[in-house]
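Notes to accompany the following structure.
Quick note: numbers below take in every heavy atom, side chains included, and nothing from hydrogens, waters or symmetry partners. Chain letters run A, B, ... following the sequence lines, proteins first and then strands; every chain starts at 1.
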Protein chains: 2
Amino acid sequence: MIRVIVVDDHEIVRKGIIAYLQTEDEFDIVGEAASGNEGAELILQLKPDVVLMDLMMENGNGIEATKQVMEQLPSCKIIILTSYYDDEQVFPAIQAGAFSYLLKTSSATEIADAIKKAAVGENVIEPKVAGKMMTSFRSENKKAHDTLTERELEVLLCIGNGMTNQEISEKLYIGIKTVKTHVSNILSKLDVHDRTQAAVYVHRNQLL
Amino acid sequence: MIRVIVVDDHEIVRKGIIAYLQTEDEFDIVGEAASGNEGAELILQLKPDVVLMDLMMENGNGIEATKQVMEQLPSCKIIILTSYYDDEQVFPAIQAGAFSYLLKTSSATEIADAIKKAAVGENVIEPKVAGKMMTSFRSENKKAHDTLTERELEVLLCIGNGMTNQEISEKLYIGIKTVKTHVSNILSKLDVHDRTQAAVYVHRNQLL
DNA sequence: TTCAAACTCGGTCTGAAGGCGGAGGAAGAA
DNA sequence: TTCTTCCTCCGCCTTCAGACCGAGTTTGAA
């Protein structure tokens with residue numbers, strides 16, 4: 001029997017998952033919690049084998065709870081089960097010590113599978129999330145913008161100031177085509193899809 | 001007699017202003033300083049009625065000095081007298097508690113006038129700067145929450161996360177045309193001309 | 001000298017963005 | 001009720017962005 005705790009602030013979701021897991025007799029749902037704080041406490045108390053943890057909850061998010069648990073109970077396998085798969089959620093969660101990372105679009109059997117695999121030490125990473133991780137690993141711990149050339153960084157900062165290609169070309173005394181080339185390279189290096197996301201990147205990483 | 005202190009790191013400028021002010025007998029120049037730090041100290045000590053303060057000085061800028069003085073001597077009227085009239089200088093200065101804002105292109109009589117008016121509680125704002133303030137009052141200073149409707153704010157935050165119109169329409173369950181309408185309204189209300197600048201706005205104002 | 005990287009610029013093409021004008025429905029205020 | 005604000009959506013149109021091609025320059029390292 002795999003001892004499991006489910007942490008999710010949406011009762012419907014929580015009950016649904018539990019109901020499903022109980023249809024398989026190798027799971028033992030030993031507890032449930034509706035917030036990160038509550039969850040962390042419960043986990044440390046009951047020491048389950050596996051935890052299904054939502055991110056983005058009302059009282060204390062899943063990342064904080066994960067960190068807290070991993071400090072005191074590193075053997076516990078925490079599976080993140082969330083709707084989000086953007087960088088802002090994935091990396092902090094993994095750094096916090098999450099064992100697997102699933103999306104709520106996953107099927108019930110996939111979730112059950114992930115729990116069984118976690119119990120025997122196998123990580124499961126959602127394909128969409130795996131992509132993020134791969135690109136991140138290629139650049140190691142380096143921030144993505146460290147791979148940018150000086151010129152590209154200049155252009156990126158201009159984007160971060162909300163400038164258009166035309167304005168950038170005038171400021172840097174280069175052709176608008178050249179600016180476009182730089183922008184394209186920046187977008188692929190930073191793994192974002194348009195200049196707006198690049199601008200967001202600038203501010204999130206406090207480059208400006 | 002209006003007790004005045006002049007703070008400017010350029011000795012020539014400082015002496016020039018003082019020399020001129022002394023030709024009118026209603027001014028009493030009680031002190032002068034060549035840096036923000038020195039100026040703040042002197043002001044708190046001598047408690048003048050009006051201060052002529054430069055921005056951008058070597059040791060401690062005028063904005064810091066202004067903040068410091070206003071905390072302990074809010075009755076003191078600080079007139080900013082500087083060469084710059086861009087957003088980076090104007091708004092922080094006013095928020096710091098500056099009473100009037102003049103440019104160094106102002107004539108001597110205008111400066112003298114501003115001092116007299118400050119002494120009786122009248123603000124003087126340089127026309128060029130006033131323009132900045134007006135547009136700012138329509139957008140930035142109202143902090144967006146007042147100008148934008150709730151829905152528009154939702155859309156703005158999505159933009160601040162780098163989402164496309166398509167993605168926003170899916171998230172908010174509305175048509176892409178509707179998103180465009182909101183975006184257009186947001187752009188005009190914030191006085192920016194594309195979504196990238198809107199995203200920058202979001203982060204500069206720490207709405208995310 | 002050879003090679004790679006970085007910066008520059010060109011053309012073409014597709015889709016997204018955004019301006020402009022209009023319009024209907026819902027809800028609340030006068 | 002009438003009026004106003006807000007949210008919703010439509011079509012038409014222009015411009016910008018960005019992808020995908022290729023290619024010339026310089027500089028510095030191998």
Whole angstrom value for the distance that separates P of D/dC16 from CD1 of A/I176: 8 Å
Charged N-O contact under 4.0 Å between A/E122 and A/K116: no
B/E167 CD - C/dG15 C1' separation (whole Å): 14 Å
Closest to side chain of A/V183, choosing from C/dC7, D/dG18, D/dT8: D/dG18
Distance below 4.0 Å between A/H182 side-chain N/O and C/dC7 OP1 or OP2: no
Closest nucleotide among D/dG18, D/dC9, C/dC9 to the B/K177 side chain: D/dC9
Under 3.5 Å side-chain donor-acceptor pair for B/Q166 and B/E170: yes
Under-4.0 Å side-chain N/O to phosphate OP1/OP2 contact, B/N165 with C/dA17: yes
Closest nucleotide among D/dT8, D/dG18, C/dC9 to the A/I174 side chain: C/dC9
Length of the CG-P vector between A/L148 and C/dA6, whole Å: 11 Å
Phosphate OP1/OP2 of C/dC7 contacted by A/T149 side-chain N/O (<4.0 Å): yes
First encountered from the 5' end of DNA chain D, between B/K180 and B/L172: B/L172
Sugar-phosphate only, base, or nothing, as touched by A/Q166 at under 4.0 Å among non-hydrogen atoms: nothing
Any A/V7 side-chain heavy atom under 4.5 Å of A/L42 side chain: no
Euclidean distance, atom NZ of residue A/K189 to atom P of D/dG18 [Å, nearest integer]: 17 Å
Polar side-chain atom of B/K189 near backbone of B/I186 as donor-acceptor pair, under 3.5 Å: no
Among D/dC9, C/dG18, D/dG18, the one nearest B/T178 by side-chain distance: D/dC9
Any donor-acceptor N or O pair under 3.5 Å, side chains B/N185, B/R151: no
OP1 or OP2 of C/dG18 under 4.0 Å from side-chain N/O of B/S184: no
Length of the line joining A/I168:CD1 and C/dC7:P, which is rounded to integer Å: 15 Å
Sugar-phosphate, base or nothing in reach of B/L187, heavy atoms under 4.0 Å: sugar-phosphate
Sugar-phosphate only, base, or nothing, as touched by B/T164 at under 4.0 Å among non-hydrogen atoms: sugar-phosphate
